[in-house]
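Remember, it's 1-based here, ligands and their atoms both numbered in the order they're listed. Side chains are part of it too, since the values below use all heavy atoms of this structure and drop only hydrogens, waters and symmetry mates.
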Amino acid sequence: MAEQREMKEKNPWHSAVVILITVLGITAIVALVTTAVLQNKPLLQKYKYGIVLDAGSSHTAVYIYEWPAEKENDTGRVHQKHICKVLGPGISSYSHSPELAGESLRTCMKQAERFVPIRRHRETPLYLGATAGMRLLSMENQNVCDQVLGSVEKVLRSTPFSYQGARIISGQEEGAFGWITINYLDDRLKQGSGTTGALDLGGASTQITFATNQEGMGESAENTVTFRLYGNDYILYTHSFLCYGKDQALKKTLAQQAQVGNSSVLDPCFNEGYSVDRNYSSVYSSPCIMAGKPLETGYSFTHIGKGDASQCQQAIRRIFTNPGCNFSRCSFNGVYQPPIQGPFGAFSAFYFVMNFLNLTSDSLEGTREKMERYCSTPWHQIKQQHPGVKEKYLAEYCFSGNYILSLLTDGYKFTSETWSTITFIKKISGSDAGWTLGYMLNLTNMIPAEAPDSPPLPHAGYVTLLLFISLVIFVIFLFSVKSLWPRCTTQTQII
Ligand SMILES: Nc1ncnc2c1ncn2[C@@H]1O[C@H](COP(=O)(O)OP(=O)(O)O)[C@@H](O)[C@H]1O
Ligand SMILES: [Ca+2]
């Protein structure tokens with residue numbers, strides 16, 4: 001030992017060489033890792049954009065989506081950058097002055113020009129999809145419907161974006177794209193595991209969509225949609241009930257209680273103390289209300305609230321018809337529906353109403369109890385408690401809550417057990433739940449049928465592994481130098 005120490009002391013190279021090797025080794029490792037990190041780091045993030053207008057029956061919303069340019073085909077990469085709510089009613093309400101439908105969009109489209117960088121304007125696809133309000137208008141008057149679509153088209157063409165068309169989407173599309181949206185945002189599609197069903201409640205229609213492995217799906221082709229996404233096959237059951245959105249359902253329920261000629265209607269679905277004069281024509285002004293439509297609707301009546309939730313539900317139940325079921329099982333109105341398979345995400349008006357009523361996490365029984373209590377609260381008290389809420393919504397929450405209860409239980413056949421599989425949602429990871437995102441992903445081919453190849457390791461994992469292997473090599477190298485060194489120096493000594 002003493003001899004060796006002496007040799008080291010005699011050899012001034014010993015420590016200098018070891019230090020040099022260590023410094024060089026560390027420098028080499030740092031250089032290697034830095035190069036690996038820089039080489040694999042994504043280039044300065046470039047974003048792309050897409051714009052979809054949701055022309056609903058009650059209002060129009062402009063959605064701007066954004067995604068990293070290189071990651072188009074990855075799930076969960078597209079997110080909502082901005083939403084602009086168009087002032088005024090839905091485009092289907094402009095039947096008396098169709099040109100104003102287009103004009104109503106201008107403010108939001110100007111806003112979109114500011115949210116999308118100028119250099120991206122020309123390549124940004126722009127779509128408009130109209131839903132049940134326009135479906136109803138096309139049934140009432142195809143010519144006026146075309147004029148409204150022509151008017152929005154004219155304004156959208158005048159924007160700097162890449163206009164891709166304005167059309168009425170089908171109920172199946174509305175349901176299926178809503179399903180794609182929530183499952184894409186949840187990052188469930190790539191995993192190929194369980195998916196979430198979609199429940200959408202609008203003003204004029206409502207949609208139910210869920211994946212099913214039922215053999216019996218062949219029973220009803222019009223309710224079946226198939227997709228191959230990221231290498232997985234999905235068979236979806238979907239149905240859109242036209243005239244069963246909450247505004248049309250309210251008209252149906254009211255029309256069914258009203259008798260033309262009567263000067264008042266005592267309505268259990270409105271709070272006690274509520275009293276508003278209405279014209280019969282406002283109730284019957286919809287192709288959804290067929291039966292009992294009088295020739296002369298120029299009469300008015302006083303709409304008086306009675307505030308009784310269970311009577312309200314009885315009244316609502318009468319708008320679901322049961323003409324007999326020609327399939328193995330049905331929801332309502334003779335429409336085929338396989339056994340429901342949860343979990344479910346319930347959005348749009350399902351969320352707005354249940355969130356207002358503080359009913360997003362209650363049991364079915366708890367929900368019924370709270371509805372009884374809300375409906376029996378006098379109208380003046382309700383107004384006092386919620387001064388900031390739009391009075392039209394406020395007045396309708398007793399009806400809307402009961403309608404949701406009835407639609408989900410009497411209609412879709414949710415039970416006390418399956419009720420808890422429903423989550424009332426507005427947004428997922430910052431993007432609104434709704435059909436628009438799924439619509440854009442589909443039209444821009446952003447969801448591939450087959451799973452794209454991806455590197456075996458994520459970037460962080462790759463760098464860590466590289467660092468670890470380099471360190472191991474370096475430590476082995478140091479040990480071997482250390483164990484070889486005395487022999488070398490001894491040999492030198494002998495010579
Ligand atoms: N804060 C809110 N509270 C209650 N209802 C709301 C609220 N915001 C929107 N709604 C309702 O949500 C529904 C949205 O429907 P919409 O998408 O316009 O129709 P559709 O999908 O049938 O074409 C309308 O009935 C509207 O009144
Ligand atoms: Ca809608």
Practice prompt. Give a yes/no verdict on whether any heavy atom in G245 is under 4.0 Å from an atom of ligand 1.
Written response: no
Worksheet, complete the sentence: Ranked by distance from atom 22 (O) of ligand 1, the top protein heavy atom is A204 N, 2.8 Å
Item to complete: Please report which non-hydrogen protein atom sits nearest to atom 19 (O) of ligand 1, along with the residue it belongs to and the distance in Å to one decimal place.
Response: S57 OG, 2.8 Å
Item to complete: Using only the SG atoms, decide whether C398 and C269 are less than 2.5 Å apart.
Response: no
Worksheet item: Counting only heavy atoms not in L100, do more than 12 sit closer than 6.0 Å to its CG atom?
Response: yes
Worksheet, complete the sentence: So the atoms of ligand 1 within less than 4.0 Å of a heavy atom of K246 turn out to be 5 (N), 11 (C), 25 (O), 27 (O)
Item to complete: Check each atom of ligand 1 against the heavy atoms of G203 and keep those under 4.0 Å away; list them by number with element.
Response: 13 (C), 14 (C), 15 (O), 16 (P), 19 (O), 20 (P), 22 (O), 24 (C), 25 (O)
Item to complete: Determine, using heavy atoms of Y393 and all atoms of ligand 1, whether some pair is separated by less than 4.0 Å.
Response: yes
Practice prompt. Tell me which one of F352, F356, W435 gets a heavy atom nearest to atom 10 (N) of ligand 1.
Written response: F352
Practice prompt. Would you please say whether a donor-acceptor pair under 3.5 Å links the side chains of T418 and T415?
Written response: yes
Worksheet item: Identify the closest protein heavy atom to atom 3 (N) of ligand 1: which residue and atom is it, and at what distance?
Response: Y397 OH, 2.7 Å
Worksheet item: Counting only heavy atoms, which portion of K390 has something under 4.0 Å from ligand 1: side chain, backbone, both, or neither?
Response: neither
Practice prompt. Answer yes or no: does atom CD of E272 have more than 12 heavy-atom neighbours from other residues, nucleotides or ligands under 6.0 Å?
Written response: no
Worksheet item: Which atoms from ligand 1 have a heavy atom of G56 less than 4.0 Å away?
Response: 18 (O), 23 (O)
Practice prompt. Using only the SG atoms, establish whether C375 and C312 come within less than 2.5 Å of one another.
Written response: no
Item to complete: Answer yes or no: are there more than 12 heavy-atom neighbours, outside K427 itself, under 6.0 Å from its atom NZ?
Response: yes
Worksheet item: Which ligand 1 atoms are under 4.0 Å away from a heavy-atom of H59?
Response: 18 (O)
Response to the item:
For atom 14 (C) of ligand 1, the closest protein heavy atom turns out to be S58 OG, 3.7 Å
Worksheet item: Between the side chains of S205 and Q207, is a donor N or O closer than 3.5 angstrom to an acceptor N or O?
Response: yes
Worksheet item: Taking only residues at least two apart or on different chains, which pairs with a member in residues 82-111 satisfy ring pair (Phe, Tyr, Trp, His ring centres under 6.0 Å)?
Response: H82-F115
Worksheet entry | Atoms in ligand 1 flagged as close to E174, the criterion being non-hydrogen separation under 4.0 Å | 21 (O)
Item to complete: Tell me which protein heavy atom sits closest to atom 12 (O) of ligand 1, plus the residue, atom name and distance to 0.1 Å.
Response: A349 CB, 3.5 Å
Practice prompt. Decide if the gap between the ring center of F356 and the ring center of Y397 is smaller than 6.0 angstrom.
Written response: yes
Discussion item. Taking only non-hydrogen atoms of S205, do any sit less than 4.0 angstrom from ligand 1?
Written reply: yes
Show which side-chain atoms of residues 136-144 pair as donor or acceptor with protein atoms under 3.5 Å away, not counting sequence neighbours.
unit_1, atom_1, unit_2, atom_2, d
S138, OG, R135, O, 2.9
N141, OD1, N143, N, 3.2
N141, OD1, V144, N, 3.2
Q142, NE2, D146, OD1, 3.1

Worksheet item: Which atoms of ligand 1 sit under 4.0 Å from any heavy atom of A132?
Response: 22 (O), 23 (O)
Worksheet item: With a 4.0 Å cut-off on heavy atoms, is M134 touching ligand 1?
Response: no
Worksheet item: Between F210 and Y237, does the ring centre distance come in under 6.0 Å?
Response: yes
Worksheet item: How close does the nearest protein non-hydrogen atom get to atom 25 (O) of ligand 1, and which residue and atom is it?
Response: D247 OD2, 3.0 Å
Fill in: Aromatic ring proximity, centroids under 6.0 angstrom, F399 and Y403
yes
Discussion item. Please list, in number order, the atoms of ligand 1 under 4.0 Å from a heavy atom of T131.
Written reply: 20 (P), 21 (O), 23 (O)
